[in-house]
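Notes follow once the structure below has been shown.
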Amino acid sequence: MDEFIVNTIIGLAFGAIYAIASSGLVVTYATSGIFNFAHGAVGMFAAFLYWQFRWGWNWPAPIAIILVVVVICPVFGILLERFVIRGLRNTMEITKIVVPIALLLLLTGGASWIWGGTEPETMRRFWGNARIRIGDSAGAIFISWHHIIVMIVAIALAALLFVVLYVTRMGVTMRAVVDNPELTQLNGGRPNRASAMSWAIGSSMAGIAGVLIASLQNAAINSFALTLLVVNAYAAAIFGKLRSLTLTFVGSIVIGLAVSYWNWISDIGQKWRWLSGFRVSIPVLLLFAMLVLLPHERLRGAVVARVKERFRMPTLSKSFIWAGAIVVFFLAAMPVIQRGPVLLLSTGLALGVISLSLVLLTGYAGEINLAPLTFAGIGAIVAQQFDVGNSPRSEFSLVGVIFLILVGATIGWVIGLLFRKAYGRKAVTISTIVFAGLGAVSAIWLEGESSGAYIRESMSLTGILVVAVVCALVGAIVALPALRLRGLYLGLATFAFAVFVTNMIFKQRSTLNLNIPWVGDGEDFGINLFTGGGVFISRPSWLGIDFNDSSKAYMVLLAAVFAIIGLGLVLLRRSAYGRQLAAMKDSPAACATLGLNIVRLKLSVFALSSAIAGVGGVFYVAIVRTANEDSFVIFASLPIVLLLVVAGIGYVSGAFAGGILTGVFFVMMSDVFGKLSADYSSFEWLFNDVIKNFFFFVGPAFAALTLASNPGGFLNDMFKNYRPLATRKGLPLLAAWGVFQGLFYWSLNLQWVGMWTFMLISLGVALLLPAIAQVLVPSLYIDEATLKARREATQLELIGIDRDFTREDIMSIDAALKLPASEVGEK
Amino acid sequence: MSTQILADQILTETSAPVSAQPSTQPPMLEFADVRTAYGDIEVIHGVSLSIKRGSVFALLGPNGAGKSTLLKVCAGLLPPTGGEVRIGGITVHKPGQVAIADELARRGLCLIPEGKGIFPNLTVRDNLWMMTNTGKSLSQIEEVAYSQFPRLGERRRQMAGTLSGGEQQMLAMSRALSTDPALLLLDELSMGLAPIIVQDLYEIVGRVSELGVSILVVEQFARTVLGVADEAAIMVSGLVSRVGDPAELEEELEAVYLGGEH
Ligand SMILES: Nc1ncnc2c1ncn2[C@@H]1O[C@H](COP(=O)(O)OP(=O)(O)OP(=O)(O)O)[C@@H](O)[C@H]1O
Ligand SMILES: [Mg+2]
């Protein structure tokens, strides 16, 4: 009983903190329609600032708190609203999701930069360990003052928030903006001011939550863990449908209690060690459940204008040329490149392959996945099981296989029944099939020898196939509950999935032991997922080349893999299936009425995309042959998504550029400046402390923040100027450039010029190419006005609407249709 | 920014009754060759109109003519791509220089938008509270609204979205009545309402105009509005096809709706 009370109080305290954080999130979302992914990071940063003031510089606690919560956080919120959020108002959905994520990375990166030293930042509770005693001396319970303070603060803040929202005109205006920003203006209200106010309040609440939860830890704080801790409150905000503060409060308390009770019960239990990661997963599981179970249309906030992006259709011939060019480029680089850059470029290429999964999923089909690396990690684990440890045994026990298929089908059927009400009979069929498939795969897996793992010499093609199949199945399973989710909610669901998989699999330290009847030997289900803290995958040995011996050859192989999958995607985009995906992206509802099977489309595209990510993950790990538990966490996934959007998520070229940016550019820049600072030690503060760290910690986030001003991705803009070169008029120039570059490369091989000179001049010429073309063949470039006029002239269907329908129009239409000239209006 | 200050002076100076104005004063509201577009698609192709001080001007036309769009431009919700909008003879909107909507609203321009000019998830009282941004106190506004429309008074704690269509329109009209605007723009008051209510509402419009407020009314089928209008225009496909006396325009209007020549 006593323990029950203590755990209830602990749960209530956590719930109260979640309530503070989540209501701040709701307030900002409601007034701006932007879900602040960085909310948790704001809280984290505030906690670090508080640590700095209170424990770093030993200021009195009240001053530190007031400075952080009442001054810095609100000002930050106002600046954020003014310079970032406001710019997002009429942008595409992915931009609205990605820019706050950039902010999240900016804050976590910034915290690592500033407080990333070796000394741990230890927080202590308010009033230290002072406790109060409840009950008589026999069954006394001790509760720390901190827990009590937390609850009082939460209640006081709830009351304050209520007063602000319902008893002041500013509050009414804030709620009015949610309903209708234009009408708010017509009433003379200032939507911007209301929005800034709500962001000030939201940031402040995030800050309070961060400070309270960090000091509750009573231990060293870690920026990523702390961010995730506040992220736990997101489930509560979703429970409140991102609107209702009351429901949000209820949800927060439920989450707090659930975590606390689980902790208590599992402490009693101690039986299933592999469930130890479950406690930290409860909030994200609840988030996932909430997203899936709440009726989607009820999840709404500010009215958001839909902006449709249009990506060009890739042409086949150009795609082949590009694919060839990429492979040739890396072949050409082989003789001249050094080992360091080889590994970097390989990383870039492998990340490019993983990014391709998002080009398909998000660029083509409009679905969102914030955690590509989670699927990559699953792929790596599967590869380790199939490629490295176990080789399938020759004698199958048919009974065992059939048994597992039946078990899978039954599980799938039951799960399908759960979703039948929402999705209809199809859900049952699909989930039965999917789980039966899983049963089959696991049968093969379990039939394999489970003991005596040995490091396989090289990656096998069948292993890759199995990875693709398993990842496809996992992708489909994740997509199944998420079928109705789109946009932000799907993004959140994948975020939750990533955190869950990280806790339960990537950080799994226990062996899963299970004995299944009729299958394999006595102890057949002993899977070491990440037990050793890492996965190990050898490179392949194909076509008579052992890639284990040559990193350079492996780099070219990666380029070829990228080119092949990229070409496959282009072909897919141009097929009927690709057009269906594009149609689904535009309007799922319209597609359904046209008779397209949305369920099948969505499941298949998720499956295919996860398969690509999984295969990419295998090649990624094989670069250095090993990966650890941190390789696939959500905080590693997010920069990939960000830079892909920056580079252009609608195109295969975007995946290439995004991969290179993530894997090469920022690492290399920080490297270059690190070296410079070694050479010029008097400028170390500038080169090392400022520029190098800038690129290292916050570079990607800054790149993504530019999206607020250039939503189409910078690559598309850059290519716009190159496109005219590929026309017939531009061809001679292009050929001349090719010859120049070839000769120049030759001179590099003859060592007439150095590597750096070669790189710099080549890059310079390539960048200047459009400008040179503009001078030499000015007719290639038509100015905007002419283009616009031309476009208007061709809009036949708008004649008569945009301008009067003249006699010339009739004549030109007659001529175009080869009709005899009509007599209309001749007089 | 200077345009806003000018608009301020214009709007507040000109709310005096029409008889007091010398005839040499510029018109209250003037559109000079206004063009505007949604994205790439131009929907208004050069509209010129002028609305005299204290008069009621009826702008009529079929669906999609661009009437609501023109009002949006006037209120500062949509920038013009060509031409100028002048209030009291001073330019408030032209391409690249647009007065901010809420500034104009606080200075006496009142647009009641088409359909639901209310906040559905706010109570009736909160809706009225929003109107206090224009400078009147809540009690003043409540007094006018509830005396004009007693039904609203009975429902002050109800969510506005759950009011009937007519009650919602009354709530929207309360803003025109209680905030003392200088220039009133009304977009399809009659939408979805019973003829008897429409008649009531236009009676109110007539009374407001007698206080010296200049009014621009947009309607589609509107015998009623022609009754209160001093002047009228027909707009078709983003262009004004005819300006003149309401009585004369009535016949012509039929031809437009029946798809005849114009
Ligand atoms: N937000 C918008 N985006 C794009 N086009 C729009 C938008 N609003 C209106 N339009 C188009 O502009 C044109 C004029 O619309 P507007 O609403 O001004 O017409 P209207 O005269 O008020 O018609 P109605 O009498 O039906 O209200 C229409 O062709 C409409 O399709
Ligand atoms: Mg209209």
Side-chain angles (χ1 to χ4, degrees), chain A residues 30-31 90 165-195 241 243-245 298 300-303 305-310 784-785 787-795 797-805 825, chain B residues 35 37 39-46 64 66 71-72 75-78 100-113 115-123 125-138 141 159-161 172 175-176 179 181 185 187 236-239:
Chain A
T31 50
N90 291 314
L165 281 180
Y166 291 90
V167 189
T168 67
R169 192 172 76 189
M170 179 52 89
V172 181
T173 309
M174 279 159 66
R175 287 182 292 133
V177 171
V178 183
D179 263 6
N180 190 339
E182 278 196 350
L183 189 60
T184 307
Q185 281 195 293
L186 292 180
N187 271 278
R190 299 172 174 86
N192 288 338
R193 199 180 282 185
S195 180
K241 294 161 194 162
R243 267 189 95 86
S244 157
L245 287 174
R298 304 260 292 280
R300 62 181 204 97
V303 187
R306 281 190 68 88
V307 182
K308 297 226 160 118
E309 71 259 58
R310 289 261 169 266
E784 278 296 314
L787 262 182
K788 195 170 175 208
R790 193 182 284 178
R791 201 165 50 227
E792 273 169 8
T794 52
Q795 272 187 331
E797 69 276 15
L798 287 180
I799 296 174
I801 299 172
D802 272 5
R803 63 178 171 83
D804 283 341
F805 197 74
Chain B
R35 297 171 167 269
D40 274 350
I41 301 169
E42 192 177 87
V43 294
I44 293 184
H45 314 287
L71 294 193
K72 273 193 198 172
L77 295 177
L78 189 69
I100 298 168
D102 52 70
E103 292 273 1
L104 283 178
R106 282 192 298 278
R107 282 152 194 202
L109 184 150
C110 176
L111 165 61
I112 310 289
K116 301 189 173 150
I118 54 143
F119 301 100
N121 291 306
L122 261 53
T123 61
R125 187 163 173 276
D126 285 348
N127 265 277
L128 296 177
W129 202 347
M130 278 303 289
M131 299 173 192
T132 62
N133 279 300
T134 50
K136 288 271 180 304
S137 77
L138 180 58
I141 286 178
M159 286 291 167
R175 181 153 55 90
T179 59
L185 312 174
D187 198 351
V236 183
S237 303
L239 285 169

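Heavy atoms only: backbone and side chains are in, while hydrogens, waters and symmetry mates are out. Order of the sequence lines sets the chain letters (A, B, ...), proteins ahead of strands, with each chain counted from 1.
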**Item:** With sequence neighbours excluded, residues passing salt bridge (Lys or Arg N to Asp or Glu O under 4.0 Å) with Arg106(B)
**Value:**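 Arg106(B): salt bridge (Lys or Arg N to Asp or Glu O under 4.0 Å) contacts with Asp102(B), Glu103(B).
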Taking side chain as C-beta onward, heavy atoms only, is [X] less than 4.5 Å from [Y]?
X         : Y         : result
Gln185(A) : Leu104(B) : no
Leu186(A) : Arg175(B) : yes
Leu138(B) : Arg169(A) : no

Considering all heavy atoms, the nearest [X]-[Y] contact:
X         : Y         : answer
Asn133(B) : Thr173(A) : ND2-OG1, 4.2 Å
Trp129(B) : Val172(A) : CE3-CG2, 3.3 Å
Phe119(B) : Asn187(A) : CE1-ND2, 3.5 Å

**Asked** With sequence neighbours excluded, what pairs up with Asp187(B) under the side-chain hydrogen bond (donor to acceptor under 3.5 Å, both in side chains) test?
**Response**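 Residues passing side-chain hydrogen bond (donor to acceptor under 3.5 Å, both in side chains) with Asp187(B): Ser68(B).
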**Request:** State whether the number of non-hydrogen atoms from other residues, nucleotides or ligands found under 6.0 Å of Arg193(A) atom CZ is greater than 12.
**Result:** no
**Request:** Count the heavy-atom pairs under 4.5 Å between each of Asp126(B), Thr179(B), Ile112(B) and chain A, then report the option with the highest count.
**Result:** Asp126(B)
**Item:** Contact winner vs chain A - Ala75(B), Gly238(B), Pro120(B), heavy-atom pairs under 4.5 Å
**Value:** Pro120(B)
**Prompt:** Which atoms of Thr132(B) come close to chain A, meaning under 4.5 Å heavy atom to heavy atom: side chain ones, backbone ones, both, or neither?
**Reply:** both
**Trace of the side-chain contact (heavy atoms from CB on, under 4.5 Å) decision for Arg175(A) with Leu122(B)** = CA-CA 8 Å; Arg175(A) 287 182 292 133; Leu122(B) 261 53; 3.8 Å; yes
